[in-house]
Amino acid sequence: MPELPEVEMVRRSLRRFRLRAPVTRVWRSRLALRTGEAWSRSKERVQRLKGWRPGEVDRRGKYLMMRFHREEMAESCLLLHLGMSGHVEVCHANEALEDHTHLRIFFDDDRELRFVDPRRFGGVRFDARGRIEGSHPISSLGPEPLDRGFTGLLLAAQAKGSRRVIRDVLLDQRVVAGLGNIYVLEALYEAGIHPATKASRLRASAWERIATASTGALRRGIENKGTTLQDYRDASGATGTHQHALRVYGRGGDACDRCGATLDAWMMGNRTAVRCPAEQPVVRGRWVS
DNA sequence: CAAGAATCCTGAATGC
DNA sequence: TGCATTCAGGATTCTT
């Protein structure tokens, strides 16, 4: 599942293609991708990419922002979310078409960018007028966990007043941008915090550990070029290796790498949680330091 | 407004 | 072998 490290790898791989030739044609499948306010009318709007030249590729949380330029016009932006199973690829226009291809952007140098997404949880949107940062969903995102200034103090402030459990708080993109279930569970293991701990029970020292563990987990994910469980690939088709480095995610019933205790997996809400019972003990009605 | 549940989707894995 | 069921989960919408 693409989370921040996977999206960052896609960003870096996309940059390496140095796409600069103008868009000659756009093809969009009939099938709907992500729906909702932020993505509505995207099918028609994406056609307006014609004539624009691609430039930088930025990332915010799990969103990719491909910048486009055109003479004497303000910057435009193609917003991409990979959802659960999405990936982008750059290839020559005569390459065989994969199933579940939903967007093809043809460039003047005979190359093509494709967005493929079997489960269709991903989303695509083009804004011919820039300022994408100021509009939903980008404007609603919490701080970037890899930025300087992302501290336990900031995280605690973002979560202030929440009565939810820490696992759910960290999954909330308005609190912090880019974490998904995999990296949240890895971070909480690293921090020694039970995923079901009420956020309101955490002391400053615990918030600090969680913030540090979160950035650490994400950085290691990037170092290992992302987690490839099934679908994830970067824009060159390269898979990651971080799935081999995971300490808890997907490892319920296995022995903890550190203490040998049997990792405990259970359903929290509609998602799987995993923890080490020895290193992430249950705390009830007490402060967690 | 906040929190939790339901929703969207397909392919892989599992069960009988 | 084959068919039906379960599971995976990000963000949004709906319900309480």
Side-chain angles (χ1 to χ4, degrees), chain A residues 1-8 10 29-43 59-65 79-88 97-103 115-125 132 135-142 145 157-188 195-201 214 218 221 226-233 239-240 242-243 246 248-253 265-274:
Chain A
M1 334 298 144
E3 301 180 25
L4 188 153
E6 290 74 38
V7 179
E8 177 61 18
V10 173
S29 76
R30 287 185 175 198
L31 296 171
L33 294 171
R34 183 184 298 277
T35 54
E37 182 200 348
W39 310 96
S40 60
R41 289 179 294 132
S42 70
K43 262 191 228 182
R59 179 191 57 74
R60 181 79 171 85
K62 302 174 194 173
Y63 293 85
L64 274 176
M65 298 182 291
L79 186 68
L80 277 166
H81 193 292
L82 304 178
M84 294 289 303
S85 58
H87 72 267
V88 296
L97 205 60
E98 258 183 277
D99 278 350
H100 310 293
T101 301
H102 297 294
L103 177 69
F115 178 68
V116 182
D117 185 7
R119 274 172 255 187
R120 289 196 270 137
F121 278 25
V124 165
R125 183 179 94 186
I132 190 117
S135 62
H136 185 75
I138 300 296
S139 61
S140 313
L141 295 175
Q158 289 288 119
K160 201 179 160 192
S162 175
R163 279 174 292 205
R164 289 181 294 173
V165 299
I166 186 62
R167 199 280 311 257
D168 291 346
V169 167
L170 294 175
L171 281 176
D172 187 340
Q173 304 299 299
R174 294 169 303 184
V175 172
V176 50
L179 291 167
N181 205 34
I182 296 173
Y183 291 95
V184 163
L185 292 176
E186 294 300 309
L188 290 174
T197 308
K198 294 277 186 191
S200 56
R201 288 287 170 193
S214 299
L218 294 169
T227 304
T228 300
L229 294 170
Q230 284 164 22
D231 303 286
Y232 165 71
R233 289 170 266 173
T239 55
H242 195 58
Q243 62 277 13
L246 297 175
V248 284
Y249 180 87
R251 295 193 52 197
W266 75 104
M267 290 303 280
M268 255 181 90
N270 55 357
R271 275 166 206 167
T272 308
V274 190

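Each chain gets a letter, A, B and so on, in the order the sequences are listed, and its residues count up from 1.
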**OP:** I would like to know whether A:D117 and A:V124 meet side chain to side chain contact (heavy atoms under 4.5 Å, CB included); could you show each step before the answer?
**Re:** CA-CA 11 Å; A:D117 185 7; A:V124 165; over 6 Å; no
Subject >> Residues in salt bridge (Lys or Arg N to Asp or Glu O under 4.0 Å) contact with A:R251, at least two apart in sequence or another chain >> reply: A:D254, A:D257
**OP:** Apply side chain to side chain contact (heavy atoms under 4.5 Å, CB included) to A:R125 and A:S135, showing your working.
**Re:** CA-CA 12 Å; A:R125 183 179 94 186; A:S135 62; 3.4 Å; yes
**OP:** Report the residues that fulfil salt bridge (Lys or Arg N to Asp or Glu O under 4.0 Å) with A:R174, sequence neighbours left out, ordered by chain and then residue number.
**Re:** A:D172
**OP:** Mind calculating the distance between CG (A:L80) and P (C:dG10) to the nearest angstrom?
**Re:** 18 Å
Original post:
Between A:L170 and A:D168, does a side chain to side chain contact (heavy atoms under 4.5 Å, CB included) hold up when you go through it step by step?
Top reply: CA-CA 5 Å; A:L170 294 175; A:D168 291 346; over 6 Å; no
Polar atoms only, N or O, under 3.5 Å: list the protein pairs with nucleotides 3-6 of chain B and their distances.
from	atom 1	to	atom 2	distance (Å)
B:dA3	OP1	A:R163	N	2.7

Original post:
Between atom CG in A:N181 and atom P in C:dA11, what is the gap in whole Å?
Top reply: 12 Å
Original post:
Between the axis at one end of the helix from B:dA2-C:dT16 to B:dC16-C:dG2 and the axis at the other (five pairs apiece), what's the angle to 10 degrees?
Top reply: 60°
Original post:
Listed by chain and number, what are the ring-ring contact (aromatic ring centres under 6.0 Å, His included) partners of A:F121, not counting sequence neighbours?
Top reply: none
Original post:
Which is true for A:T272 with a 4.0 Å heavy-atom rule: it touches a base, it touches only sugar-phosphate, or it touches nothing?
Top reply: sugar-phosphate
**OP:** With the side chain of A:P137 defined as its heavy atoms from C-beta on, choose the nearest nucleotide among C:dT12, C:dA8, C:dA11.
**Re:** C:dT12
Subject >> Side chain of A:K62 - closest among C:dA8, C:dT12, C:dA11 >> reply: C:dA11
Original post:
For C:dG10, does OP1 or OP2 lie under 4.0 Å from any side-chain N or O of A:Q173?
Top reply: no
Pairwise N/O distances under 3.5 Å, protein to nucleotides 8-11 of chain B:
from	atom 1	to	atom 2	distance (Å)
B:dC9	O4'	A:R119	O	3.4
B:dC9	O3'	A:R120	NH2	3.2
B:dT10	OP1	A:R120	NH2	3.0
B:dG11	OP1	A:H100	NE2	2.8

Original post:
Side-chain N or O of A:Y232 less than 4.0 angstrom from OP1 or OP2 on C:dA8?
Top reply: no
Original post:
Would the A:H242 and A:Y232 ring centres measure less than 6.0 Å apart?
Top reply: no
